[in-house]
2 protein chains.
Amino acid sequence: MVTIEDVARRAGVAPSTVSYALSGKRSISERTRERVERAVAELGYRPHAGARALASARTSTLGLMIPLRQGVDVNVMMQFVLGIVTRAREFDHDVLLVTQDEDAGLERLTGGRMVDALILMDVEAADPRVGRAARLAQPTILIGLPDDPQGLHCVDFDFDAAARLAVRHLADLGHTSIGLVGPPPAVLERHTSFAERLLHGFREQVERSGVTGLVELTPPTHAGALAAVEALRGASEPPTALVVHNEAALPWVVDALQMHGAGIPTDVSLVAICPAAVAQSQSRPVSFIDLPATTIGAVAVEMAMDRLEEQGGAAETRLLGPVLVDQGSTAPPPHVSP
Amino acid sequence: MVTIEDVARRAGVAPSTVSYALSGKRSISERTRERVERAVAELGYRPHAGARALASARTSTLGLMIPLRQGVDVNVMMQFVLGIVTRAREFDHDVLLVTQDEDAGLERLTGGRMVDALILMDVEAADPRVGRAARLAQPTILIGLPDDPQGLHCVDFDFDAAARLAVRHLADLGHTSIGLVGPPPAVLERHTSFAERLLHGFREQVERSGVTGLVELTPPTHAGALAAVEALRGASEPPTALVVHNEAALPWVVDALQMHGAGIPTDVSLVAICPAAVAQSQSRPVSFIDLPATTIGAVAVEMAMDRLEEQGGAAETRLLGPVLVDQGSTAPPPHVSP
DNA sequence: CCGTTCCGTCGAAGCGCTTCGGCTGGACGG
DNA sequence: CCGTCCAGCCGAAGCGCTTCGACGGAACGG
């Protein structure tokens, strides 16, 4: 293998000079740097990651703990991962994968100095990992919003605001009864933080706007979606607008409405809370509030990098604000329309 | 940080003894080993991964290159990843993630000695990565079956056999016209190996069984599935049985058949080629040929480990055989039924 | 009873890199 | 003209681990 010494010899300098030339941590003359760079290119030199980690106490690697829970939408998850890996590479870092179910995964990665920082996906309201992560030497970023972050940085979508935005938008159009097609019951039972915040925002805004709010927790199946739509339309005050936060069920909801002969948006308005890609791949355009998963992943990486730069810094929580993209699936309710 | 020297001191032995006690590479007395293990536990010792990699030229890390292509089903992909990560951990290895689009991702991981071996997902028929991977010092396992594996190990599902099995099963029931709801056109245009093998197997068995075969490449949308079903049912010789290899479209196909008033399996038989989990989450039970993604991932890891043990060994290709699970969505065609 | 063998342990030499202190020579000010 | 300073480079000391050769002592055979 090509070592730094080979490069040094070829460039006619000391190994330390090569190191400094490449890292830029000390001033090096233009001439020398060029010689070093040429030698690197000619020999195809690549620093040994382990050696570097040993000497510098930095691994240039981020640990990523991904969930293996049911009800977690894989599309959204992949978006997170994509955002994280891509942004990490831009900081010259790599990503090491651990799964949720591994016993001491966190401790193994950090104790073994395999990673500089950790990103935990899908953090629940009372997640046991938070306490453990807070005890580690390495900075940890949580994707999600636990009840008690214990001094850790968090980043997430502002589901509360998203739900309020959706309801306000619909209420402003004149709707007086709004239905929420929510996540599967299992997700809520786990006290997943985002689901609870979504519901909270929904209920709060419903009250503020003085409209009726109906909630259906919906399994991501045809039958589940059908049942939810049926339940809502059979209510004493059937909603004229639907907020859907359930990627997997969304197509079925659209389908079910069509089967019910309910036109969108003439009879029923529809707002989805999902990644743009999902909304755009529906059989008809659906107005949506973008769930910026890729961005959240990227932000998580940025926060990790920040903490690595400057050890100080109080725990920060960043909630990305909702943006509604109108694609024509919302309109005033039938009886208000001209 | 707790080092091997701390452990040695506490156990009253030399550092090298600790190393041997933990690795088992030399015989160590029972008494000493216990003392070492106790010291390790008491101090919470975890070997520094970088130091270990440097000294032993082994990283205990596998590189995994995941695709970011369109038309790749994320559910199946996650299954692969799950299988890989889980099995890797059983071999005491970790998994480092790279994305397809990174320029010299392979070379970076291997040149920097970050990984012991590499697993490439979603390898196409003429994949440019194969040539590059073949040139690396580290063993590489391909998931997929390129036209020329160039001496690399491959593992994949036997799509050819799966398609033949499906057709044979249906032909044996008496069906004389069989439709294939295939992957999106984009997948085939990329010359994705699995899609081509599936089609090949389908056409071959159709011929052998002396039945009519119709193929519809199908986008994973409601509209796409609807169009495919319509096209098939509008054919001069409408198929009385459908083979579906398109996870995303499967629910829509079921839906479309119901809308057409075609009973399953009374009017139309249905066989899906998909992971068991997908088949079982449909609105009605669907007979399926299991696409054992998790297993394939696990096998890929095993092959990598094999190659790490014994450097020799000719290039091996393992194709996992298809197994049909009857869930009652197939039956003889209408005119044959009693 | 002594030589051989083997088991269990130790010491030391790296693995390839970073980093700190030190050295040099030229620029600069007085 | 000499002292000072600094940019630019070198040398060496580790980082924490594995591994190889060596060594002491117990066990064993002749």
Side-chain angles (χ1 to χ4, degrees), chain A residues 1-37 39-40 43-61 92 108-116 137 308, chain B residues 1-37 39-40 43-61 92 108-116 137 308:
Chain A
M1 120 169 253
V2 182
T3 72
I4 199 171
E5 224 151 333
D6 300 328
V7 176
R9 211 170 307 127
R10 176 132 193 164
V13 297
S16 55
T17 304
V18 174
S19 177
Y20 286 124
L22 293 179
S23 71
K25 294 194 177 176
R26 277 197 184 180
S27 61
I28 293 287
S29 72
E30 189 68 12
R31 214 173 72 84
T32 310
R33 224 210 21 244
E34 274 168 14
R35 281 234 303 283
V36 169
E37 273 163 9
V40 164
L43 297 175
Y45 167 69
R46 305 205 183 246
H48 187 294
R52 171 173 281 184
L54 182 56
S56 68
R58 279 295 216 99
T59 62
S60 295
T61 301
D92 247 304
R108 203 170 47 78
L109 290 198
T110 55
R113 296 290 186 280
M114 313 182 73
V115 301
D116 291 339
L308 287 176
Chain B
M1 120 170 254
V2 181
T3 73
I4 199 171
E5 223 151 333
D6 300 328
V7 176
R9 211 170 306 127
R10 177 133 192 163
V13 297
S16 55
T17 304
V18 174
S19 178
Y20 286 124
L22 293 179
S23 72
K25 294 195 177 175
R26 277 196 185 179
S27 61
I28 292 286
S29 73
E30 188 66 37
R31 215 174 70 85
T32 311
R33 224 208 24 244
E34 274 168 15
R35 281 235 303 283
V36 168
E37 273 164 9
V40 164
L43 297 175
Y45 167 69
R46 307 211 182 239
H48 187 293
R52 171 173 281 183
L54 183 55
S56 68
R58 279 297 215 97
T59 63
S60 295
T61 301
D92 247 305
R108 203 169 48 78
L109 289 199
T110 54
R113 298 290 188 279
M114 312 183 73
V115 300
D116 292 339
L308 287 175

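We name chains A, B, ... by the order of the sequence lines, and we start the count at 1 in each one.
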For a quick test of your reading: what N or O donor-acceptor pairs under 3.5 Å do the side chains of residues 8-16 of chain B make, sequence neighbours left out?
residue	atom	partner	partner atom	Å
B:Arg10	NE	B:Glu42	OE1	2.8
B:Arg10	NH2	B:Glu42	OE1	2.9

Among the candidates D:dC17, C:dT19, C:dC17, find the nucleotide nearest to the side-chain atoms of A:Tyr45.
C:dC17
Strictly under 4.0 angstrom, non-hydrogen atoms only: write out the protein contact profile of nucleotides 6-11 of chain D, one letter per nucleotide from the 5' end, B, S or -.
-SSBBB
Between A:Ser60 and A:Asp92: side-chain donor-acceptor atoms closer than 3.5 Å
no
Please confirm whether the shortest side-chain N or O distance from A:Lys25 to OP1 or OP2 of C:dT18 is below 4.0 Å.
no
Near DNA chain C, which residues from residues 1-8 of chain A have a heavy atom under 4.0 Å away?
A:Thr3, A:Ile4
Once side chain to side chain contact (heavy atoms under 4.5 Å, CB included) is applied, do any residues pair with B:Leu109, and if so which ones, sequence neighbours excluded?
A:Asp94, B:Leu96, B:Val98, B:Met114, B:Val115, B:Leu118
Measure CZ/A:Arg58 against C1'/D:dG16 and give the value in whole Å, please.
19 Å
Whole-Å distance separating the CZ atom of A:Arg52 from the C1' atom of C:dT19
13 Å
Spacing of CG belonging to A:Leu43 relative to CE belonging to A:Met1, to within rounding of 0.5 Å:
12.0 Å
Shortest non-hydrogen contact from A:Ala53 to B:Gly50?
CB-CA, 4.5 Å
Nearest 0.5 Å, what's the CG-CG distance between A:Leu54 and B:Leu54?
6.0 Å
In short, A:Val36 meets A:Val18 closest at the heavy-atom pair CG1-CG1, 4.0 Å
Sugar-phosphate, base or nothing in reach of B:Ser19, heavy atoms under 4.0 Å:
base
Whole angstroms only, please: what is the CG-P distance between A:Leu22 and C:dT19?
13 Å
Net bend of the helix from C:dC1-D:dG30 to C:dG30-D:dC1, end axes of five pairs each, nearest 10 degrees:
40°
Mind listing the side-chain donor-acceptor pairs of residues 21-29 of chain B below 3.5 Å, one per line with the distance, residues two or more places apart or on another chain?
residue	atom	partner	partner atom	Å
B:Ser23	OG	B:Ser19	O	3.1
B:Ser23	OG	B:Lys25	N	3.2
B:Ser29	OG	B:Thr32	N	3.2
B:Ser29	OG	B:Thr32	OG1	2.6

Decide yes or no on side-chain contact (heavy atoms from CB on, under 4.5 Å) for A:Tyr45 and A:Ile4, but give the supporting numbers first.
CA-CA 8 Å; A:Tyr45 167 69; A:Ile4 199 171; 3.6 Å; yes
Quick one: closest heavy-atom pair of B:Arg46 and A:Arg108, and the distance?
NH1-CA, 3.8 Å
Please lay out, stage by stage, how B:Arg58 and B:Arg52 fare under the test side-chain contact (heavy atoms from CB on, under 4.5 Å).
CA-CA 7 Å; B:Arg58 279 297 215 97; B:Arg52 171 173 281 183; over 6 Å; no
Please report, rounded to the nearest Å, how far the C1' atom of C:dT18 is from the NE2 atom of A:His48.
15 Å
